[in-house]
Amino acid sequence: MTDIKQFLNELLSLPGLSAYEGPAREHIASTWKPLVDEMQVSPIGSLHALKKGFGSEPRPRILLAAHMDAIGMMVTGVTDGFLSFTEIGGIDPRLLPGLRVTVHAKRNLPGIIVMPRDALLPERKSETPVEMKYLFIDLGLSAAETAELVQIGDLVSFAQEPMELPNGIITGHSLDNRASVAAVTACLEELHNVQHAWDVWAVATAQEEETLGGGFTAPFAIRPDLAVAIDVTFAKGPGASDWRTFPLGKGVSLGIGSNVHPGFFKAVKEVADKLDIPVHNELMPRGSGTDALAMQIVADGITTLVIGIPLRYMHTPVEMVAMKDIQRAGHLLASFIATLPVDFMQNLKWDD
Amino acid sequence: MKELIRSLVEATGPSGYETQVRELVQTSITGLADEVKVDALGNLIARKGKLKEGGKRVMLSAHMDEIGLIATFVDDNGFIRFTANGGVFPVYLLGSRVRFLNGVEGVIGAESNNLRDQAPAMDKCFIDVGAKDRLGCPVSVGDMAVFVRPYLDLGDRLVSKALDDRVGVAILVEALKQLQDTPNELYFVFSTQEEVGTRGAITAAYAVDPELGIALDVTKTGDTPKCDKMEVTLGKGPTVKVRDSGMLSDPRVVRWMRKTAEKAGIPYQLEVLEAGSTDARSIQVTRAGVPVGVISIPCRYVHSPSEMVDYQDVVNSVKLLVALLSERIVLEQQ
């Protein structure tokens, strides 16, 4: 039995920036291995894992997509031993100065992000947050050592270890979206001894933060009847309280909008209500910004849903989620799949 | 190869209207490919070789289209208003000359005729083709134009409009000429509509269904006075792209390209481009996904009517491409 919290903590400590998901993928694969029947790595690095259903063939398929790639940085220049860098995924530069990082060079190098002295900045910049292009990384090495070890294109990861706070709150980097990978893992655990009719494809997608790459390609290979994107959403917190936000630790969100099939939404909502799993309606007026955005329009179109896990301080090294919400997302998915009838698609209505 | 580049850059081929360029390419690759076709978007797809033991199906892509303008309105006095077809920067407009697909040429003026040191917005500019009124104007709404500027051979350095990406097209043609035996099934794609969202490559990649994709395109440099920082220099060799703002190259492809260049003694640079992308972005997410990489030709003044490349970088790009494609391709895991 996987300890989901321990698995998440291990996963958070592993690198795996977009397009370089290897270390995260290997850990997920070894955890999922006893829970699934087969696994493949896609041409762009997503992990596709199949847990076969118990219905007669051909079985309908449901795809659960949680992206495993993390945001981070990449070296763009080496000048006198100091590194300039750009972002992978979206990073708020206000949070960067003072952070510890790991530069994945010829060997892993510890470093810190530093801000130049005011005198080195254009005058109008000196009293505002410093843009990324002026920041640099100091490795404490000589210029010669740095030039020998570091190259343009080397990756930079956040080095903060995850931390557990009271009430099952976890904080750390990459909780977007490894919290959802943990939720899918919890779902697989719960389904372990369940005779579900459908084939379940658990997918840890690659490159979501850059191109939704896994979202575009995994459904093409798998051709599911239903696809769910599990991703983090905004939790209420300081300065975040409007309709786009949801209380931390008080339930998951179900997306409503163009990326979500209303009949699919209704069916999952009914399961949540029946089991007293708290869910919030998340309005997605323009698009979900998740793998569902891509998955929905793959091949001849796919019936999609979005489940959100509330998270504070998104795209920072101090993201925060509640373990409870991760467990709820997993439990909701497993409960839905366990009761999913073979003829679900035949009876699925667009609306009523 | 300079003659080929010259004829390519002098052709008119705004995104969506690449016919002139396509015909030039068709002529220059006659007899070199095993199969040539044109798809519904106008991509020219030339196959060379048939898959052999240990080979791969590879898509190579260089785009034929160039940035340009489209006429939106002709006023009573025969002045033409326009908008951009692709990434045209307003700073390059005033004083530029343009040529429409029907051959009509004109000059760009701005509403204020007293501008000294600021660039007018695009909607404050117009094209003057010398017409006296609307009826006498040989241009209609919807007509496409490109910039004109004489091709300049400075010896090591070449200057022209549309080197983005006709220089990539020329490299593909030359590589097709030089490639002898290959275990790989190679699809040379001369793509359309790159400048309006890497669109031709979407359908070409779907049709080719490659196991590996490589785009050939220009990239920016950081070697001009007080420019934005970028570690790419004209004349230091083609680049192996690690990342641009549209995608991340597959790390296995990056490693393979670097190893091949090092083994063959071809100079190369590593590239991280912070604004711009290439056909590889589209190829990567095709079907079940494709490992991709990019060879870029360093280019100053990208998207101006006077782009500049280094001829040795062009020659070395051909060498690198031929070295990459002549052998069995092995992508090692991270």
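Model, not experiment: these values are computed from the prediction. We name chains A, B, ... by the order of the sequence lines, and we start the count at 1 in each one.
Interface summary for chain B: among A:His48, A:Lys133, A:Gln151, the most heavy-atom pairs under 4.5 angstrom belong to A:Gln151. Between chain B and the options A:Ser18, A:Ser42, A:Pro219, the largest number of non-hydrogen pairs under 4.5 Å is found for A:Ser18. Between chain A and the residues B:Val290, B:Asp250, B:Leu331, the most heavy-atom pairs under 4.5 angstrom are made by B:Val290.
Enclosure of atom CG in B:Asp228 is not indicated, since only 12 or fewer non-hydrogen atoms of other residues, nucleotides or ligands lie within 6.0 angstrom. Atom CD of B:Glu211 has more than 12 neighbouring heavy atoms from other residues, nucleotides or ligands inside a 6.0 Å radius. No more than 12 heavy atoms of other residues, nucleotides or ligands lie within 6.0 Å of CZ in B:Arg199, so this atom counts as exposed by the packing criterion. The environment of A:Met115 atom CE is sparse: at most 12 non-hydrogen atoms of other residues, nucleotides or ligands sit within 6.0 angstrom. Under a cut-off of 6.0 angstrom, the local environment of NZ in B:Lys229 is sparse, with at most 12 non-hydrogen atoms contributed by other residues, nucleotides or ligands. Applying the 6.0 Å contact sphere to CZ of A:Arg94 captures no more than 12 heavy atoms from other residues, nucleotides or ligands.
Rounding to the nearest 0.5 Å places CG of B:Leu248 at 8.0 Å from OG1 of A:Thr211. Interatomic distance, CD of A:Glu210 versus CG of B:Asp244, reported as 9.0 Å (0.5 Å rounding). In this structure, CD on B:Glu271 lies 12.0 Å from OG1 on A:Thr76, to the nearest 0.5 angstrom.
With a 4.5 Å cut-off on non-hydrogen atoms, A:Ile88 touches chain B through its backbone and its side chain both. For a residue to count as touching a neighbouring chain, one of its non-hydrogen atoms must lie under 4.5 Å from one of that chain's; by this rule A:Val41 does not touch chain B. Neither the backbone nor the side chain of A:Val298 comes within less than 4.5 Å of any heavy atom of chain B.
Here the shortest heavy-atom pairing between B:Arg252 and A:Pro43 reads NH2-O, 2.8 Å. Scanning both residues, A:Thr86 and B:Val272, for their nearest heavy atoms gives CG2-CG1, 3.9 Å. Closest of all the heavy-atom pairs between B:Arg243 and A:Glu87 is NH2-O, 3.1 Å.
Residues of residues 273-289 of chain B that come closer than 4.5 Å to chain A, counting heavy atoms only, are B:Glu274, B:Arg281, B:Gln284, B:Val285, B:Thr286, B:Arg287, B:Ala288, B:Gly289, ordered by residue number.
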Kindly indicate, with the supporting measurements, whether the criterion side chain to side chain contact (heavy atoms under 4.5 Å, CB included) is fulfilled by B:Gln269 and A:Ile152. CA-CA 9 Å; B:Gln269 312 177 63; A:Ile152 311 296; over 6 Å; no
